[in-house]
Amino acid sequence: MVGLVEKYLLDKTESEGAIHATLIDPEKVTPAQASRIADKAKLSGTSAIMIGGSTFASTTHLDSVIKTVKRTVKIPVILFPNNVTGISRHADAIWFMSLLNSVDPYFLMGAQILGAPLVKKYNLEPIPLGYIIIGDGGTAGVVGKAVPVPYDKPKLAAAHALAGQYLGMRFIYLEAGSGAKKPVPPEMIRIVKSAIDVPLIVGGGIKSRMQALAAASAGANIIVTGNIVEETKDRHKVSEIIKGIRSRKA
Ligand code: 1GP
């Protein structure tokens with residue numbers, strides 16, 4: 001059941017404690033830009049490339065972004081879809097995710113039913129993921145019709161995460177929303193992590209080495225940054241984030 005990409009992530013999080021993944025939003029980049037971002041991130045030590053956004057990119061564009069990225073870097077390319085339109089045959093794996101705090105059945109199970117046959121047809125590796133929107137959740141929160149977990153309700157976040165784990169999800173993602181003013185608080189990460197046994201992913205608004213270190217120290221196993229890689233010309237920002245993650249005390 002556990003495929004190659006999932007095994008790679010489990011082995012890496014097991015041996016390193018916390019790793020970094022780079023999110024590329026296909027709506028914001030050309031294939032050439034995506035390839036440059038992936039290359040720089042790989043040189044900085046990122047462990048995987050995630051591809052997805054909160055709104056719509058054409059399938060043709062998504063396909064060419066992924067093909068170009070895959071030609072450039074050899075680390076796994078994992079789809080991070082907001083809808084069935086985020087599925088491409090060219091990726092290695094897909095976060096097969098349910099938005100656990102959505103009030104819309106479409107984002108809980110509807111899109112998954114529509115997408116599952118395509119995942120099989122394209123031979124993509126599905127990695128079951130419980131996705132939880134925290135704070136205002138940005139565009140993902142609005143599009144996904146989430147009832148976000150407030151920043152000061154860590155136990156509520158832990159209850160969502162545990163429910164996801166009990167339903168069989170093998171990763172949990174706390175999402176503050178791309179470009180969030182405030183990332184998921186370390187205290188919430190700590191409480192969620194202590195409640196679950198599966199790896200914890202955290203993303204949204206992480207912009208500095210200290211924030212990355214705080215998330216990793218609190219127990220995040222995969223730290224995702226998106227905006228920071230798209231906005232900055234030099235790769236030092238990503239290097240800084242990864243240094244922060246690696247400086248965490250085990
Ligand atoms: C968004 O968690 C990711 O889905 C990354 O967020 O773009 O703020 O780094 P940023």
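All values derive from a computational prediction rather than experimental measurement. Whatever order the structure lists them in is the order used to number ligands and atoms, beginning at 1.
Shortest contact from atom 7 (O) of ligand 1 to any protein heavy atom: S178 OG, 2.6 Å. With hydrogens left out, the protein atom closest to atom 3 (C) of ligand 1 is Y173 OH, 3.4 Å, a heavy atom. At the top of the distance list for atom 9 (O) of ligand 1, counting protein heavy atoms only, stands G226 N, 2.7 Å.
Looking at every heavy atom in both residues, Y122 comes nearest to S88 through CD1-C, 3.9 Å.
Between Y131 and F96, the distance from one ring center to the other does not fall under 6.0 angstrom.
For K182, there are no salt bridge (charged side-chain N to carboxylate O under 4.0 Å, His left out) partners two or more places apart in sequence or in a different chain.
Residue contacts with ligand 1 for N227 involve both N, CA, C or O and side-chain atoms from C-beta outward (heavy atoms, distance under 4.0 Å). In E175, the part holding a heavy atom less than 4.0 Å from any atom of ligand 1 is the side chain.
Between V149 and M188, some side-chain heavy-atom pair lies under the 4.5 Å cut-off. At a threshold of 4.5 Å between non-hydrogen side-chain atoms, the residues L200 and L174 count as touching.
Side-chain contact, T225 with H20: a donor N or O sits under 3.5 Å from an acceptor N or O.
Within the 4.0 Å heavy-atom shell around ligand 1 one finds L23. At least one heavy atom of G204 sits less than 4.0 Å from an atom of ligand 1.
Results of the side-chain contact (heavy atoms from CB on, under 4.5 Å) test with L79 over I127, D92, L124 single out L124 as the only residue that passes.
Checking only distances, F80 never comes within under 3.5 Å of ligand 1, N or O to N or O. Where the criterion is an N or O separation shorter than 3.5 Å, residue side chain and backbone included, A180 fails it with respect to ligand 1. Taking any N or O of I228, backbone or side chain, none lies under 3.5 Å from an N or O belonging to ligand 1.
Residue G203 has at least one heavy-atom neighbour below 4.0 Å for each of these atoms of ligand 1: 2 (O). Close approach of ligand 1 to T225 is summarised as follows: ligand atoms under 4.0 Å from at least one heavy atom of the residue are 9 (O). Residue contact check: G179 has heavy atoms under 4.0 Å from atoms 7 (O), 8 (O), 10 (P) of ligand 1.
The existence of a salt bridge linking D63 and K67 is excluded, since no basic side-chain nitrogen approaches an acidic carboxylate oxygen closer than 4.0 Å.
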Do any side-chain atoms of residues 157-171 form donor-acceptor pairs under 3.5 angstrom with protein atoms, and if so which ones, sequence neighbours left out?
unit_1, atom_1, unit_2, atom_2, d
H160, ND1, L156, O, 2.8
Q165, OE1, D197, N, 2.7
Q165, NE2, D197, OD2, 2.9
R170, NE, E6, OE1, 3.4
R170, NE, E6, OE2, 2.7
R170, NH2, E6, OE1, 3.0

